[in-house]
Amino acid sequence: HKQAVIALIIANTIWGAAPPIFKWSLQNIDPFTLAFLRYFFAMFLLLPFCFKALHVAKKDYLTVFLMSFFGITINISFFFLGLRLTDSINVPIIGSSASVFILLGSIFFLKEQPKLKVITGTLLSLLGVLTIILGPAWQGEFSQTQSSTTSILGNVLILIAVLGSVGHTRLLRPLSKNYNPITLTFWSFVIGALTFLPMTLVESQNGFLAGLNYQGVTGIAFGAILSSAVAYTLYNFALKHMVANEAGLFFYLDPVVTVLIAMP
């Protein structure tokens, strides 16, 4: 359990740094191209560590696919699209709502029994998340300005991304009992890369990686090595040794790290 706590601290520190770094990188590279390259390179980074344990039982094929589809395809697609329309600092605050949905899912589907203080803290956090999502409208006195509408749309897209990560956690928990965390992470990256490929081909019609500079390279390297290979493996390891509703609480670390990175 202590190792799982350390793993989640490291993973969420990395994911906390991700929004400002990716927002900066997306100024130079298209979103689906970045997503594809991130997982394409990450799966090769993990392959040497799991090539002897790649087997997945046929009965789990669909669950592994859905876990990857929600956790990578849905989550990252809406994450990158929303990141272009809202402040990077908003992203982890909205992302902390994952703990709300994970808590509800763990109660109704996993039959876990969370403590009262966990329920109370989670519901309070939901109020903060709603304030962030609707904040642009309140600040503009509910005016329909383009900037406020764009920010709200970006915030809603980030919320959809969060729901994808919740689906990932819900499906990963039972799988983690039977498989090595690196094995599940590897197959998630393979499926993620394949699902991003069609949109990458569409984006590449104007030239694949045309004008790529250090911003785009930084996004690809950070995404493949830290935000994907390292963070996902640590998160999958943690869920093998910790109940889902406790793991969700570590998302509250993300906003602190995001602010420290986003300011400079």
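Put simply, OH on Tyr39 and CG on Leu34 are 9.5 Å apart, with the number rounded to the nearest 0.5 Å. The structure places OG1 of Thr86 at 10.0 Å from CD1 of Ile152, a figure rounded to the nearest 0.5 Å. The structure places CG of Leu46 at 6.5 Å from OG1 of Thr185, a figure rounded to the nearest 0.5 Å. The structure places OG of Ser188 at 12.5 Å from CD1 of Ile182, a figure rounded to the nearest 0.5 Å.
A donor-acceptor contact closer than 3.5 angstrom is absent between the side chains of Thr258 and Asp254. Between the side chains of Thr33 and Glu203, a donor-acceptor pair is found at a separation under 3.5 Å. For the residue pair Asp60 / Tyr179, a side-chain donor-acceptor distance below 3.5 Å is found, with atom types taken as modelled.
Transitive grouping of hydrophobic side chains (ILVMFWY, heavy atoms separated by less than 4.5 Å) keeps Ile10 and Val256 in distinct clusters. In the hydrophobic cluster analysis, where Ile, Leu, Val, Met, Phe, Trp and Tyr join through side-chain heavy atoms closer than 4.5 angstrom, Phe36 is grouped together with Val217. In the hydrophobic clustering of this structure, Ile9 does not group with Phe237; members are Ile, Leu, Val, Met, Phe, Trp, Tyr whose side-chain heavy atoms approach within less than 4.5 Å, directly or through other members. In the hydrophobic cluster analysis, where Ile, Leu, Val, Met, Phe, Trp and Tyr join through side-chain heavy atoms closer than 4.5 angstrom, Ile76 is grouped apart from Val202. Each of Tyr214 and Leu226 belongs to its own hydrophobic cluster when Ile, Leu, Val, Met, Phe, Trp and Tyr are linked at side-chain heavy-atom distances under 4.5 angstrom.
Among Leu239, Val56, Leu175, the one residue that satisfies the side chain to side chain contact (heavy atoms under 4.5 Å, CB included) test with Leu184 is Leu175. Evaluated for a ring-ring contact (aromatic ring centres under 6.0 Å, His included) with Phe189, the options Phe41, Tyr232, Phe196 yield exactly one hit, Tyr232.
For Thr183 (side chain) and Ala53 (main-chain N/O), a donor-acceptor pair under 3.5 Å exists by modelled atom type. A donor-acceptor pair under 3.5 Å links the side-chain atoms of Thr195 to the main chain of Gly192, judged by distance alone. Between the side chain of Trp187 and the backbone N or O of Leu54 there is at least one donor-acceptor pair closer than 3.5 Å. Without hydrogens or angle criteria, Thr120 side chain to Lys117 main chain gives no donor-acceptor distance under 3.5 Å. The main-chain N or O of Trp24 is found under 3.5 Å from a side-chain atom of Gln215 such that the two form a donor-acceptor pair. Side chain of Ser228 to main chain of Ile225: no donor-acceptor pair is present (N/O by atom type, distance under 3.5 Å, no hydrogens or angles). For the pair Asn28 (side chain) and Asn213 (backbone), a donor-acceptor distance under 3.5 Å is present. In this structure, the side chain of Lys23 engages the main chain of Leu83 through a donor-acceptor pair within 3.5 Å.
In the displayed structure, Phe49 atom CZ is contacted under 6.0 Å by at most 12 heavy atoms of other residues, nucleotides or ligands. The 12-atom threshold is not exceeded at CD of Gln3, counting heavy atoms of other residues, nucleotides or ligands nearer than 6.0 Å. For Phe80, the CZ atom counts as densely surrounded, since its 6.0 Å shell holds more than 12 non-hydrogen atoms of other residues, nucleotides or ligands.
Put simply, the side chain of Ser227 reaches to within 4.5 Å of the side chain of Trp15, judged on heavy atoms. Residues Val5 and Phe250 form a side-chain contact, since some pair of their non-hydrogen atoms from C-beta on lies under 4.5 Å apart.
Taking the six-membered ring where tryptophan is involved, the planes of Phe69 and Phe65 are essentially parallel, since the angle between them stays under 30° and well short of 60°.
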Verify side-chain contact (heavy atoms from CB on, under 4.5 Å) between Ile220 and Arg38, making sure each step is shown before the conclusion. CA-CA 5 Å; Ile220 295 170; Arg38 169 184 176 180; 5.9 Å; no
Applying side-chain contact (heavy atoms from CB on, under 4.5 Å), run through Leu197 and Phe32 and close with a yes or a no. CA-CA 8 Å; Leu197 182 58; Phe32 289 102; over 6 Å; no
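Taking the six-membered ring for Trp and the full ring otherwise, Phe222 and Phe22 have centroids separated by under 6.0 Å.
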